[in-house]
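We count ligands from 1, going down the list as the structure has it; atoms in each ligand are counted the same way.
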Amino acid sequence: MTGTDQPLTVKENDLERALQILQEGGLVGMPTETVYGLAADATDARSIAHIYAAKSRPQFNPLIAHVDSLASAQLQGVFDSRAIALAKRFWPGPLTLVVPVNETATVAELARAGLPTIGLRVPAHPIARELLERFGKPLAAPSANPSGRISPTSAGDVAGAFGAEVSLVVDGGRSRAGIESTILSVLPGEPVRLLRPGAIPRESILEVVDALAEAVAGEVSAPGQLSSHYAPSAVVRLNAATPRRGEVWLGFGPACRTADANLSSSGDLVEAAANLYQMLRMLDTAGAATIAVAPIPSTGLGEAINDRLARAAAPRR
Ligand code: TXA
Ligand code: MG
C-alpha cells in the first residue's frame, strides 16, 4: 500500500490545518517522541474506522488514546494507586497504560476494539502536546505504518507509506526515542504486566513498581502476537556476528567496523533504539535480499530492540 495518486503535504508545524482535518474526521500524521502516529479524533467512530482502513489493521487490535494530561486520562480510564504512580513518574513520555475503561469515557468503543480496558498515553513531543491541548479531545494514534511494516521515525516515512488517505503529516523532526512506548497493563487484582517492551526499560519501571509480570499469552496484548511485524521486505537474520556472502550487515558496537550501517558504534542502546527503524528502512530500500543483524545485549533498551528484531525476522504471514 503505497498510494501515490496524490502528493502528501508535509508541512512544518502547520497545526491550524491539522486541527481542521481532525475536526472533519480526517487523519493526520503526528510526530511523537517514540515514532510517528496516525492520529484521528478518538471519540468519533468514523474517524477511527479511517485509521483501520488506512493501516489495513485487523479490527481486533485496539488503539492507544493520546491525551494531554493525567487528569484527562482519568476521565477515560480508572487509575489505581499503581497506575497513578507510574503516570506521575513517566508522563509526559513513552509509557502506555492499559487500565479499565471509566464510565465517563468518551473514546469510541471501536478505538478499544470493544475491550473493557483502554490504552492511554500522554506524549512528550511538544507538537503532539500542542495538538492535544488545542484539539481538546483524545487522539487515537497507532504507529503510522501499514500493519506489519517498519514504524516511521520521520515525517517522510509517513508520507511514503500512505497516499491520499492521509492529507497532512506534521513534521516534528526525527523521533527522539525511535522505538514505541512501553505498554503496561494495570488491572484490578492483577500484577502490573509488561504487554510490550519499549522506550522505557524494565529496570526503570521496577523503580516504581515492586514486580513486573509478563503478558498472558493468547490475550490481546501488543503488538501483533509475535508473528511477523515491523517487517522490512528483506529477510532478516539475527545474531549475525559476521555477514555471509551477499548479505548486508547491520552492526552494533565497536567490533562491527565493516558493517553497512551501525546501530551504535559505541555500543549505546539508547542510540541503537533511535536508529533501529531508520537503518532497517535504509538497508531495505537499498535493495538488500537479506539483512544480517549483529547480536544486541538484552539489558535496558536492548529488550525492546530484540523484541522488534525478533518480529522483523519472524516467518512472514
Ligand atoms: O509509541 C507508541 O506507542 C506509538 C505512538 C504513536 O504513540 N503508538 C503505537 O501504537 O505504537 P500501535 O497501535 O502501533 O501499538 C499499540 C499497541 C497495539 O498493539 C495494541 O494491541 C495495544 O497497544 N493496546 C492498545 N490498547 C490496548 C488494550 N486496551 N489492551 C491491550 N493492548 C492494547
Ligand atoms: Mg505499531
Quiz item: In Å and rounded to the nearest 0.5 Å, what is the CG to CZ distance from Asp157 to Arg149?
Solution: 13.0 Å
Exercise. Applying salt bridge (charged side-chain N to carboxylate O under 4.0 Å, His left out), name anything that partners Glu247, two or more places apart in sequence or on another chain.
Key: Arg237
Quiz item: Touching ligand 1 at all, Met30? Heavy atoms, strictly under 4.0 Å?
Solution: no
Quiz item: Of all the atoms in Ser143, is at least one N, O or S atom closer to the Mg ion (ligand 2) than 2.8 Å?
Solution: yes
Exercise. Would you sort out whether Val170 and Leu168 count as a side chain to side chain contact (heavy atoms under 4.5 Å, CB included), showing the intermediate values?
Key: CA-CA 6 Å; Val170 183; Leu168 185 84; 4.1 Å; yes
Quiz prompt | Whether over 12 other heavy atoms sit under 6.0 Å from Arg174 CZ | solution = yes
Quiz item: Between Ser181 and ligand 1, which part of the residue brings a heavy atom under 4.0 Å of the ligand: side chain, backbone, both or neither?
Solution: both
Practice problem: Give the numbers and elements of all ligand 1 atoms closer than 4.0 Å to a heavy atom of Ile118. | Solution: 29 (N)
Practice problem: Kindly confirm or rule out an N or O of Thr117 lying under 3.5 angstrom from an N or O of ligand 1. | Solution: yes
Quiz item: Is there side-chain contact between Phe90 and Leu97, with heavy atoms separated by less than 4.5 Å?
Solution: no
Quiz item: For ligand 1, which atoms sit closer than 4.0 Å to a heavy atom of Thr34?
Solution: 1 (O), 2 (C), 4 (C), 5 (C)
Practice problem: Select one of side chain, backbone, both or neither to describe which atoms of Ile183 lie under 4.0 Å from any atom of ligand 1, heavy atoms only. | Solution: side chain
Self-check item: N or O pair under 3.5 Å between His66 and ligand 1
Solution: yes
Quiz item: Taking non-hydrogen atoms only, is Asn61 closer than 4.0 angstrom to ligand 1 via side chain, backbone, both or neither?
Solution: side chain
Practice problem: Just go through Ser143, Pro100, Ala39 and tell me whose heavy atom is the nearest to atom 10 (O) of ligand 1. | Solution: Ser143
Self-check item: Full working for side-chain hydrogen bond (donor to acceptor under 3.5 Å, both in side chains) between Ser151 and Arg308
Solution: CA-CA 10 Å; Ser151 298; Arg308 302 308 188 275; over 6 Å; no
Quiz prompt | Numbering as shown, the atoms of ligand 1 that approach Leu115 to under 4.0 Å (heavy-atom distance) | solution = 28 (C), 29 (N), 30 (N)
Quiz item: More than 12 non-hydrogen atoms from neighbouring residues, nucleotides or ligands closer than 6.0 Å to CZ on Arg176, yes or no?
Solution: no
Quiz item: side-chain contact (heavy atoms from CB on, under 4.5 Å) with Arg281: which of Leu283, Asp284, Thr285?
Solution: Thr285
Quiz item: Looking only at heavy atoms of Ala141, does any of them come nearer than 4.0 Å to an atom of ligand 1?
Solution: yes
Quiz item: For ligand 1, is any non-hydrogen atom under 4.0 Å from Arg121's backbone (N, CA, C, O), its side chain (CB onward), both, or neither?
Solution: side chain
Self-check item: Numbered atoms of ligand 1 (with element) below 4.0 Å of Gly37, judged on heavy atoms
Solution: 6 (C)
Exercise. Go through the steps to decide whether Thr106 and Gln76 satisfy the test side chain to side chain contact (heavy atoms under 4.5 Å, CB included), and finish with yes or no.
Key: CA-CA 7 Å; Thr106 54; Gln76 305 298 328; 2.9 Å; yes
